[in-house]
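The structure appears below as structure tokens.
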Amino acid sequence: MTEYQGGRGNSPVGAEVSSPGAGSAVPTRSALRDDCPQPGQTAASDDSARQPGPTAASDRPASQPGGSSFHSMWRELRPIGRHPDSHGYRRFAWTGADAECRAWFRTQAEARGLAYEVDRNGNQWAWLGDPAAGDAVVTGSHLDSVPDGGAFDGPLGVVSSFAALDELRGRGVEFAKPLAVVNFGDEEGARFGLACVGSRLTAGQLTLEQAHRLTDGNGITLPRAMEAAGYDPEAIGPDPERLARIGAFVELHVEQGRALDLSGDQVGIASAIWPHGRWRFDFRGEANHAGTTRLVDRRDPMLPYAETVLAARREAQLAGAVATFGKIAVEPNGVNAIPSLVRGWLDSRAADQASLDQVVDGVEKAAREYAATHGVDLDVVRESFTPVVEFDHALRDELARILGKDTGLEVPVLGTGAGHDAGILSGSIPTAMLFVRNPTGVSHSPAEYAAEDDCVAGVRALADVLEGLACT
């Protein structure tokens with residue numbers, strides 16, 4: 001598969017991303033442009049929940065004001081939360097940038113005549129049809145980012161979801177089931193250290209007590225942050241009634257790897273998410289003067305930490321897995337002071353549980369040996385863990401059937417080491433994922449990107465999937 005065409009009739013999604021050549025109908029494969037203008041001022045929105053209900057807007061043509069093309073939506077969203085120096089994104093949960101993204105989502109929903117609501121956990125929903133009817137088809141992703149993250153991880157799925165709805169309206173399809181676009185809150189976990197908070201709360205995988213203990217680097221708790229943003233932290237918790245109304249959830253995401261680029265495919269289907277987790281290593285030594293303390297008298301926690309970082313790389317190579325110490329906190333963090341505490345966070349992922357256990361056990365064993373050698377104490381705490389996620393086989397096979405129906409092409413099926421809201425929800429409802437080609441494989445970085453024609457192919461593929469699931 002080299003190009004995914006799909007769809008029927010004229011597509012509004014490619015209207016502003018066509019090749020600059022006169023009369024060309026084939027989108028260019030250049031990166032989405034970086035010189036987007038700043039968005040206009042948006043009126044303040046309180047995101048207060050409104051009860052969803054039936055809407056008569058399903059026959060609104062995509063060419064009307066609600067039917068923004070993919071590119072125009074991308075142009076509006078892209079500047080929000082972008083740091084002027086790093087050019088990466090700092091869209092952290094319950095901050096000003098997050099509020100701007102949420103206002104953008106609400107504007108897109110209401111411009112399309114969709115019923116907008118915020119659930120008890122702060123997730124945003126835009127409904128077409130009556131959600132109470134049940135068996136709804138839901139699509140979407142998240143809008144928050146890792147520190148200095150890329151533009152595509154998360155937002156591509158949300159923008160593509162609205163664009164796919166525009167595509168279906170342009171085709172004139174009739175919806176037989178309710179359809180919703182969702183923005184899950186705090187997916188990346190950049191602020192409070194736990195990924196997929198919004199979907200975990202909804203699925204009952206994070207309790208109220210656990211959520212209330214989450215704290216950011218400035219000591220601000222999750223409840224305090226939510227309250228400051230205008231939400232009730234006491235209302236958060238499992239939402240089984242909402243999940244019971246959903247028949248399928250399909251998340252589109254930029255691929256965080258190069259499998260599609262190597263195979264020459266624009267779009268792929270996810271098979272499974274590798275088991276993965278985060279572990280905190282606390283090395284506790286003794287603070288002292290860097291200039292007057294003899295080397296033999298030191299209890300320096302930085303030394304066993306540094307050796308543990310190298311051990312993580314070694315253990316990952318042996319197991320065919322990945323392991324990363326990507327975050328560190330040092331106390332007292334002075335240039336001329338021996339640290340008293342070095343706290344490092346290990347992220348490890350593997351294709352199967354046995355390999356992941358091998359890596360983490362090996363790293364911890366090495367860390368304890370290094371700590372003992374340097375007279376340093378060590379505590380290891382598992383902060384989060386997600387077992388292997390096998391996406392619903394029947395739904396996955398249905399996506400493959402839909403995407404190959406008119407083309408006869410076999411859409412590649414691939415696994416991923418990245419966690420997603422779809423993985424969290426998979427234990428409660430049928431979920432599936434579509435991946436859009438990433439030509440460099442770079443993600444969680446300002447260098448992350450996808451080509452324009454691949455993004456448009458992703459929108460068309462998602463529209464085809466939604467038509468096959470919600471219009472029959």
Side-chain angles (χ1 to χ4, degrees), residues 146 153 187-189 193-196 199-200 203 205-206 251 253-263 268-283 304-328 343-371 378-393 396 412-427 431-433 435 438 440-445:
V146 299
D153 180 355
E187 192 272 352
E188 294 291 5
L194 178 65
C196 301
S199 55
R200 284 183 192 273
Q205 296 184 23
L206 181 66
E251 181 174 3
H253 205 280
V254 65
E255 187 195 359
Q256 294 169 292
R258 290 192 58 214
L260 292 176
D261 187 61
L262 294 174
S263 69
I269 299 173
S271 59
I273 297 176
W274 287 8
H276 58 279
R278 299 177 182 181
W279 290 261
R280 192 185 76 233
F281 285 64
D282 293 345
F283 296 87
Y305 169 73
E307 292 172 310
T308 302
V309 172
L310 297 177
R313 176 60 177 263
R314 182 176 63 251
E315 294 295 331
Q317 287 179 321
L318 290 173
V322 292
T324 308
F325 276 98
K327 180 181 178 181
I328 183 174
R343 174 171 288 152
W345 282 264
L346 171 69
D347 179 299
S348 188
R349 308 162 192 241
D352 56 76
Q353 188 63 51
S355 298
L356 180 61
D357 291 341
Q358 177 184 331
V359 172
V360 177
D361 291 346
V363 174
E364 181 174 350
K365 179 181 178 181
R368 295 196 180 282
E369 292 175 354
Y370 297 142
L378 172 64
D379 293 320
V380 179
V381 179
R382 188 180 78 177
E383 291 192 337
S384 67
F385 173 72
T386 302
V388 63
V389 173
E390 287 280 348
F391 287 111
D392 187 90
H393 288 198
R396 185 183 68 193
V413 179
L414 55 148
T416 177
H420 301 280
D421 292 309
I424 298 297
L425 298 178
S426 65
T431 64
M433 290 192 71
F435 290 129
N438 179 341
T440 65
V442 174
S443 187
H444 284 189
S445 159

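Computed over heavy atoms, backbone and side chain alike; hydrogens, waters and symmetry mates excluded. Nothing here was measured: the structure is a model prediction, and the numbers come from that model.
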Rounded to the nearest 0.5 Å, what separates atom [atom1] in [X] from atom [atom2] in [Y]?
| X | Y | atom1 | atom2 | answer |
| --- | --- | --- | --- | --- |
| L346 | T308 | CG | OG1 | 9.5 Å |
| E188 | L194 | CD | CG | 12.0 Å |
| H420 | L425 | NE2 | CG | 12.5 Å |
| T386 | R278 | OG1 | CZ | 9.0 Å |
| W345 | D282 | CH2 | CG | 7.5 Å |
| K365 | E369 | NZ | CD | 6.0 Å |

Verify, without hydrogens or angle tests, whether [X] (side chain) and [Y] (backbone) share a donor-acceptor contact under 3.5 angstrom.
| X | Y | answer |
| --- | --- | --- |
| E251 | A422 | yes |
| T324 | G326 | no |
| S271 | G415 | yes |
| R200 | I424 | no |

If you take all heavy atoms of [X] and [Y], which pair is closest and at what distance?
| X | Y | value |
| --- | --- | --- |
| A312 | A323 | O-CB, 3.7 Å |
| G419 | I273 | CA-CG2, 4.2 Å |
| Y305 | G344 | CE1-CA, 3.8 Å |
| G423 | F391 | N-CE2, 4.1 Å |
| A270 | F435 | CB-CE1, 3.5 Å |
| A418 | R349 | CA-NH1, 3.4 Å |

Test of understanding: with side chain to side chain contact (heavy atoms under 4.5 Å, CB included), list the residues that count as partners of [X], not counting sequence neighbours.
| X | value |
| --- | --- |
| R313 | Q317 |
| A259 | E255, L414 |
| E315 | L318, V359, V363 |
| V388 | P275 |

With sequence neighbours excluded, what pairs up with [X] under the side-chain hydrogen bond (donor to acceptor under 3.5 Å, both in side chains) test?
| X | value |
| --- | --- |
| S355 | D352 |
| D361 | none |
| D357 | Q353 |
| S199 | D421 |

With salt bridge (charged side-chain N to carboxylate O under 4.0 Å, His left out) as the rule and sequence neighbours excluded, what pairs involving residues 380-391 come up?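 Non-adjacent pairs meeting salt bridge (charged side-chain N to carboxylate O under 4.0 Å, His left out): R280-E383.
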Mind checking whether Y370 and L310 have side chains closer than 4.5 Å, heavy atoms only?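 They are not in contact (no side-chain heavy atoms under 4.5 Å apart), so the answer is no.
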Under 4.5 Å between any side-chain heavy atoms of D153 and H444, yes or no? yes
Excluding sequence neighbours, so at least two apart, what forms ring-ring contact (aromatic ring centres under 6.0 Å, His included) with F281?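 Testing F281 for ring-ring contact (aromatic ring centres under 6.0 Å, His included), a comparison that skips the adjacent residues, returns F325.
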ring-ring contact (aromatic ring centres under 6.0 Å, His included) partners of H276, counting only residues at least two apart: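 Residues passing ring-ring contact (aromatic ring centres under 6.0 Å, His included) with H276: none at all.
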Qualifying residues under salt bridge (charged side-chain N to carboxylate O under 4.0 Å, His left out), relative to R314, sequence neighbours excluded: none
Yes or no on side chain to side chain contact (heavy atoms under 4.5 Å, CB included) for L356 and F385, after CA distance, side-chain angles and deciding distance? CA-CA 11 Å; L356 180 61; F385 173 72; 3.6 Å; yes
